[in-house]
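Report on the structure given below.
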Amino acid sequence: MQIGIMSGTFPRSTLEEELDAVADHGLGCMQFDLSSARLTHFPDRIDEDVCDSIRGEMSTRKITMSAINGMYNMIDPDNEKRQNGLRFLETVASACDQLDTSIVSLCTGSRNPRSMWLPHPDNSSPEAWSDLISSMQQAVEIAEKYNVTLAFEPEVDNVIDSAKQARRLLDEIGSPHLKVVMDGANTFHKGELPRMREILDEAFALLGDDVVLAHAKDLDHDGAAGHLAAGTGLLDYDHYLSLLSNLGSEVPLILHGLTEEQADGCIAFLQSKIA
């Protein structure tokens, strides 16, 4: 199981310096964000020379791009913002071949107008589901056009807030271009922590065949996404990593929710558990 890191964990003034830090920590893969290449939020295009530079700098350091972020709020209450997000997704997808990656990470989003990662009571409404299906169908058309895989993450504060909802979305969309990011720290609703193993087992039973990427972070309470460094909270990592290792294929394990100062400890923690 290859351990990687999320873009931005090692903040530097240039892409080269950030990649040096990734390599210096012995990490061989990243979930990449265009901000690491100093591109503006939602760029209209990614020039070929920029793609060549990113790919070359990563290759020189033997770092692979396990996935690239294409996240936008897929159920934003403002339809114009949803359409802007789709255009951004196409920009990212169109660059994947040149960037030497094939997975684009998504966030299913929230009705909260302030952030796609904040809860909102309307996330469970039929209207939110309808908007998600419409957005995802358009997103999958983009994925098919550029032959990439979209990977969304079930998260308790999003419209897809459970493994059951994720399974429903996968079945309703019915595309081989739609897969899942698994994050064990994001799956527990209020009152579910005492049933941790049961909840994790259910998530992998429902979604295991569709998991293409995994996240490693931690949590200290249920009812919200975890934001702690791996190994510093309550997540049963022995069980979580056992379930990941039993998947039909090996998936990258991406650290995030940690500071640079915590990186060495988190890497050592995961390596010891995997061993």
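Keep in mind the model is a prediction, meaning the values are calculated, not measured.
Within a 6.0 Å radius of CZ in Arg114, no more than 12 heavy atoms belonging to other residues, nucleotides or ligands are found. Within 6.0 Å of atom CG in Asp100, 12 or fewer heavy atoms from other residues, nucleotides or ligands are found, so the atom counts as exposed in its surroundings.
Identified under the side-chain hydrogen bond (donor to acceptor under 3.5 Å, both in side chains) test for residues 263-275, with sequence neighbours left out: Asp238-Lys273.
The aromatic rings of Tyr240 and Phe204 stand perpendicular to each other, their planes meeting at an angle above 60°, with 30° marking the opposite boundary. Using a 30° and 60° split on the angle between ring planes, Phe10 and His25 fall in the parallel class, below 30°.
Of the candidates Glu260, Glu18, Glu17, Arg12 forms a side-chain hydrogen bond (donor to acceptor under 3.5 Å, both in side chains) with just one, namely Glu260. Residue Asp222 is tested with Arg195, Lys190, Met196 for a side-chain contact (heavy atoms from CB on, under 4.5 Å); the sole match is Lys190. Of the listed residues (Asp76, Asp157, Asp131, Asp122), just one forms a salt bridge (charged side-chain N to carboxylate O under 4.0 Å, His left out) with Arg111, and that residue is Asp131.
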Dump the intermediate steps for side chain to side chain contact (heavy atoms under 4.5 Å, CB included) on Val104 and Ile142, then the final yes or no. CA-CA 11 Å; Val104 181; Ile142 292 170; over 6 Å; no
Test side chain to side chain contact (heavy atoms under 4.5 Å, CB included) on Met182 and Val251 and set out the steps. CA-CA 10 Å; Met182 182 64 75; Val251 300; over 6 Å; no
Candidate pair Leu219 and Leu193, rule side chain to side chain contact (heavy atoms under 4.5 Å, CB included), full reasoning: CA-CA 10 Å; Leu219 76 165; Leu193 270 185; 4.1 Å; yes
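Ion pair Asp44/Arg87 not flagged as a salt bridge, since none of the NZ, NE, NH1 or NH2 atoms sits closer than 4.0 Å to an Asp/Glu carboxylate oxygen. Glu90 has a carboxylate O that lies under 4.0 Å from a charged side-chain N of Lys145, or vice versa, which qualifies the two as a salt bridge.
Looking at Gln31 and His256, their side chains never bring a donor and an acceptor atom within 3.5 Å of each other.
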